[in-house]
Amino acid sequence: MVLVQNYITPCQAYLPNASSSQVDVMHQLGWFRSGHNRRAPGCVIRSENVTETSTSPCQDRLGRRQFLAVGPTIAPLLLMTSQIPTSFAAENKKGFLPVTDKKDGYSFLYPFGWQEVVVEGEDKVFKDVIEPLESASVNLVPSSKEDIRDFGSPQQVAETLIKKFLASPSQKTKLIEASERIIDGKTYYTFEFVAQAPNYTRHALTVVCIGNGKFYTLTTGANERRWGKMKDRLHTVVDSFQIFNV
């Protein structure tokens, strides 16, 4: 994981200081429970001390013989275990890597080659090191609602999010498409939009869902000039996003 303090997320590029204003506006709209703050992500490095114990030459030889005896038996089992996917991991697909957050209850795929970075106010961010507008970010905020449809239709939710949180007032935005899908009884809204800034235009996809007392938002996108090349991969990212009960 790479710690990047000056990396600008898509949301921050559209809306400066989004980490504080986004929650404030959503509280004003009555979307989320009061008294809760978005979790600030961090990077924890854990170290463990390993105590070495001495063994006699006899014990050492015995241990080696035992390992050689059982090695052919357990090796296939270890190989089979390593190939078993985790319970909630996103389905593997060529050219993509899965990420699963068992604490917050979501999983998705991101393109191979993107790097994970830590950005304040975002739960997870993966980005291309060469094309900064090619990224995927996951945002979580508390919600008292139980279904995304409680906020309105896909188009209504998309227009609100784009106007209030995913683009700045100075940018020209256009909602291209908004749709609904149901997976394992949970409703997801997915929408496509463009946001035009003075020096670039970003073509983006967002998927939102509610569960575990949280409002989940995953946004991915690319520079408009690369949309034709990236759109299939970006659709794979949003289509792979799923939440599960924790």
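Residues take their numbers from the sequence shown, with the count starting at 1.
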A.B. asks: With rounding to the nearest 0.5 Å, note down the distance linking OG in S137 to NZ in K127.
C.D. replies: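 S137 atom OG to K127 atom NZ measures 12.5 Å (nearest 0.5 Å).
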A.B. asks: Side chains of V117 and F126: does their closest heavy-atom pair fall under 4.5 Å?
C.D. replies: no
A.B. asks: Run the ring-centre check on Y189 versus F151 and record whether the distance is less than 6.0 Å.
C.D. replies: no
A.B. asks: Is the shortest side-chain heavy-atom distance between V238 and T220 below 4.5 Å?
C.D. replies: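 The answer is yes, as the side chains (C-beta and beyond) meet within the 4.5 Å cut-off.
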A.B. asks: Please assess W114 against D128 for the test side-chain contact (heavy atoms from CB on, under 4.5 Å), listing each intermediate value before the final yes or no.
C.D. replies: CA-CA 5 Å; W114 286 12; D128 186 276; 3.6 Å; yes
A.B. asks: Between S135 and R202, is any side-chain donor less than 3.5 angstrom from a side-chain acceptor?
C.D. replies: yes
A.B. asks: Applying side-chain contact (heavy atoms from CB on, under 4.5 Å) to L97 and L109, what does each step give before you reach the verdict?
C.D. replies: CA-CA 5 Å; L97 294 174; L109 299 172; over 6 Å; no
A.B. asks: Is the closest side-chain donor-acceptor distance between T219 and T206 under 3.5 Å?
C.D. replies: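 Indeed, the side chains of T219 and T206 share at least one donor-acceptor pair under 3.5 Å.
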A.B. asks: Given side chains that start at C-beta, do those of V141 and K214 come closer than 4.5 Å, heavy atoms only?
C.D. replies: no
A.B. asks: Measure up the W227 and H203 rings against each other and bin them: parallel (under 30°), tilted (30 to 60°), perpendicular (over 60°).
C.D. replies: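 Parallel: the ring planes of W227 and H203 meet at under 30°.
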A.B. asks: What distance do L205 atom CG and F241 atom CZ have between them, rounded to the nearest 0.5 Å?
C.D. replies: 14.0 Å
A.B. asks: Is any side-chain N of the basic residue among D184 and K186 closer than 4.0 Å to the acidic one's carboxylate O?
C.D. replies: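 No, D184 and K186 are not salt-bridged.
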A.B. asks: Would you mind telling me which of K163, Q155, Q156 makes a side-chain hydrogen bond (donor to acceptor under 3.5 Å, both in side chains) with E159?
C.D. replies: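 By the side-chain hydrogen bond (donor to acceptor under 3.5 Å, both in side chains) criterion, E159 pairs with just one of K163, Q155, Q156: Q155.
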A.B. asks: Main chain of S107, side chain of T100: is a donor-acceptor contact present, judged purely on distance under 3.5 Å?
C.D. replies: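 Looks like no, no N/O pair under 3.5 Å.
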A.B. asks: To the nearest 0.5 Å, what is the distance between NZ (K229) and CD (E131)?
C.D. replies: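 Between K229 NZ and E131 CD, I get 8.5 Å after rounding to 0.5 Å.
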A.B. asks: Would you check if there is a donor-acceptor pair between the side chains of D104 and Y216 at a distance under 3.5 Å?
C.D. replies: no
A.B. asks: Salt bridge or not between R233 and E134? Use side-chain N to carboxylate O under 4.0 Å.
C.D. replies: no
A.B. asks: Check K174 with E192, please: is the shortest side-chain N to carboxylate O separation under 4.0 Å?
C.D. replies: no
A.B. asks: Taking the six-membered ring for Trp, are Y106 and F108 parallel (under 30°), tilted (30 to 60°) or perpendicular (over 60°)?
C.D. replies: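 Ring orientation of Y106 relative to F108: parallel.
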A.B. asks: With side chains defined as the heavy atoms from C-beta onward, is the minimum distance between K124 and D101 less than 4.5 Å?
C.D. replies: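 Of all side-chain heavy-atom pairs linking D101 with K124, at least one is under 4.5 Å.
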A.B. asks: Going from CG on N212 to OG on S143, what distance comes out if it is rounded to the nearest 0.5 angstrom?
C.D. replies: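 The CG atom of N212 sits 11.5 Å away from the OG atom of S143.
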A.B. asks: Consider only side-chain heavy atoms of I, L, V, M, F, W and Y, link residues closer than 4.5 Å, and tell whether F96 and V129 are in one cluster.
C.D. replies: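 Different clusters.
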A.B. asks: Nearest 0.5 Å, what's the OG1-CD distance between T173 and Q171?
C.D. replies: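 Rounded to the nearest 0.5 Å, the OG1-CD separation comes out at 8.0 Å.
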A.B. asks: Identify which one of T190, V237, D239 satisfies the side chain to side chain contact (heavy atoms under 4.5 Å, CB included) criterion when paired with V207.
C.D. replies: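 Result for side chain to side chain contact (heavy atoms under 4.5 Å, CB included) with V207: T190.
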A.B. asks: Answer yes or no: is there a side-chain heavy-atom contact under 4.5 Å between Y188 and Q242?
C.D. replies: yes
A.B. asks: With a 4.5 Å heavy-atom cut-off, do T187 and E180 have their side chains touching?
C.D. replies: yes
A.B. asks: Under the criterion side-chain contact (heavy atoms from CB on, under 4.5 Å), I'd like the reasoning laid out for V125 against E116: C-alpha separation, chi angles, the key distance, then a yes or no.
C.D. replies: CA-CA 6 Å; V125 177; E116 183 176 7; over 6 Å; no
A.B. asks: If we only count heavy atoms from C-beta on, is the D123 to N139 side-chain gap below 4.5 Å?
C.D. replies: no
A.B. asks: Atom CG of L175 and atom CG of L161: how far apart are they, to the nearest 0.5 Å?
C.D. replies: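 If I round to the nearest 0.5 Å, the distance is 10.5 Å.
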A.B. asks: Kindly check if the number of other-residue, nucleotide or ligand heavy atoms within 6.0 Å of CD1 (I182) is above 12?
C.D. replies: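 Yes, because the 6.0 Å sphere around CD1 of I182 holds more than 12 heavy atoms from other groups.
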